[in-house]
Amino acid sequence: MRHLIDPTDLTVEETGQIIALAEDIIADRAKYSQVCRGKKLATLFYEPSTRTRLSFTSAMLELGGEVIGFSDAASSSVSKGETVADTVRVIRCFADIIAMRHFKEGAPLVASQYAGIPVINAGDGSHAHPTQTLTDLLTIKREKGRFDHLTIGFCGDLKFGRTVHSLIKALSRYQGIKVFLISPQELRLPDYMLREMSAGSGLEFREVHTLEEAMPELDILYMTRVQKERFLDQEEFDRVKDSFVLDPDKLKTAREDMIVLHPLPRVNEIARAVDNDPRAAYFRQVENGKFVRMALILTLLRWAGENRPFERTPVFGEPFLVDGPVCSNPRCISVSEDVDRLARRSDDGACRCAYCETIL
């Protein structure tokens, strides 16, 4: 059974096929209006969402399918203490595919182990957001015409920004990518990602502390908001929340063909006056999200084959290391639910939690 938990679950070729399918859907939407007739998507959103949840809903409806699920975990049996594993074993009796957003890192990976139907990670804590990555890639293709030989600046919250983590992973597989990491010290990219970029990636990257240092070189500026919900310390949040704001003055040194992306929602990090600049692509980016999710749903359903009854709990072996140390990340699903302790050996030689990538 194929799932999308991490951007690298898809090969470069498969990613290209999904992007190409999304472009074909854009060109001829009527051709795809009934291809998922009789199929159901379950949207299990344990965390608030506007764009991602409605994008999945709209995508399935445009494919001729139906949508069930919940947008608030408090209105489900989760409020009674039901685990992710048990929830998806119930939901798979009613649906053909699942899109899950969860505040615990690694929850969609747990779901994929028990569901028996395709599971799509719609965002897990500050870990990963692979469908936003597909959205970003489709937008880059439509706006810039290519994925290689690009200079991209990631600005704002790089520590907790799951969209940043996922897109950097995806871009590392293309040629000639140069990355500027623009953030305050408190919100710099996690050390494990910096090590991976240094050791096993073809990316060229540089850390800077102001937009002005990077702006003239950028083909793409990827803005992010400072996410209050990811902070455990209110004082730390207050100190960095207004660190970077993009306004028309800062765009004066940018290239005429640069584009500005943002996964949204924004707070104050992009001034409203920027919206009228033709380089502002973030609302075009939102619409691209629907089309690429249509392509992903259709692809995973085609790959799934028959929907077989779930028979037993999984028994783990390769590529996992089983019964390793307890994860120290309080946001990891393995800390709060009864799941197998799983780890992986990463390219840099470190032993990492399979759910959240914390070094063990």
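Residues meeting the ring pair (Phe, Tyr, Trp, His ring centres under 6.0 Å) test with Tyr174, sequence neighbours left out: Phe147. Scanning for side chain to side chain donor-acceptor pair (under 3.5 Å) contacts around Ser55 gives Arg293, with sequence neighbours left out. Looking at residues two or more places apart in sequence or on another chain, you find a salt bridge (Lys or Arg N to Asp or Glu O under 4.0 Å) between Lys290 and Glu62. Tyr222 pairs by the ring pair (Phe, Tyr, Trp, His ring centres under 6.0 Å) definition with Phe154, not counting sequence neighbours. Lys40 meets the salt bridge (Lys or Arg N to Asp or Glu O under 4.0 Å) test with no other residue; sequence neighbours excluded. Lys31 is linked by a side chain to side chain contact (heavy atoms under 4.5 Å, CB included) to Asp24, Asp28, counting only residues two or more places apart in sequence or in another chain. With sequence neighbours excluded, no residue satisfies side chain to side chain donor-acceptor pair (under 3.5 Å) with Arg341. Listed by chain and residue number, Arg2 satisfy the salt bridge (Lys or Arg N to Asp or Glu O under 4.0 Å) test with Glu14 (two or more places apart in sequence, or in another chain). Every residue two or more places apart in sequence or in another chain was checked for a side chain to side chain donor-acceptor pair (under 3.5 Å) with Glu66, and none qualifies. Residues satisfying the salt bridge (Lys or Arg N to Asp or Glu O under 4.0 Å) test with Asp86, not counting sequence neighbours, are Arg89. Under the side chain to side chain donor-acceptor pair (under 3.5 Å) criterion, Arg284 pairs with Glu143, sequence neighbours left out.
Checked by atom type, the side-chain pair Ser126/Glu105 shows a donor-acceptor distance below 3.5 Å. Using a 3.5 Å distance cut-off with no hydrogens or angles, the side chains of His129 and Arg101 do pair a donor with an acceptor.
Using a cut-off of 4.0 Å between Lys/Arg side-chain N and Asp/Glu carboxylate O, Glu357 and Lys169 are scored as salt-bridged. A salt bridge does not link Asp257 to Arg255: none of the charged side-chain nitrogens sits closer than 4.0 Å to a carboxylate oxygen.
Residue pairs meeting the salt bridge (charged side-chain N to carboxylate O under 4.0 Å, His left out) criterion with at least one partner in residues 71-84, sequence neighbours excluded, do not occur; the list is empty.
Considering NE2 of His209 and CZ of Arg188, their distance stands at 8.0 Å, rounded to 0.5 Å. Here Ile270 contributes atom CD1 and His262 contributes atom NE2; the two are 5.0 Å apart, rounded to the nearest 0.5 Å. Put simply, CG on Leu221 and OG1 on Thr151 are 12.5 Å apart, with the number rounded to the nearest 0.5 Å. Taking CE from Met100 and CZ from Phe45, the interatomic distance works out to 10.0 Å, rounded to the nearest 0.5 Å. Interatomic distance, Thr133 OG1 to Leu167 CG, rounded to the nearest 0.5 Å: 5.5 Å. Rounding to the nearest 0.5 Å gives a distance of 8.0 Å between NZ of Lys141 and CD1 of Ile19.
Formation of a donor-acceptor pair under 3.5 Å by the His165 side chain with backbone atoms of Lys159 is found in this model. Here the side chain of Lys104 pairs a donor or acceptor atom with the backbone of Pro330 at under 3.5 angstrom. Formation of a donor-acceptor pair under 3.5 Å by the Ser33 side chain with backbone atoms of Leu63 is not found in this model.
Considering only heavy atoms from C-beta on, Leu44 comes within 4.5 Å of Val88 through its side chain.
Ring-plane geometry between Tyr46 and Phe103 is classed as perpendicular, the angle between the planes exceeding 60 degrees on a 0 to 90 degree scale with a lower cut at 30.
A side chain to side chain contact (heavy atoms under 4.5 Å, CB included) with Tyr355 is found for one member of Val335, Asn329, Val110 and no other, namely Val110.
Across every non-hydrogen atom of Ile117 and Asp96, the tightest pair is CB-O, 3.5 Å.
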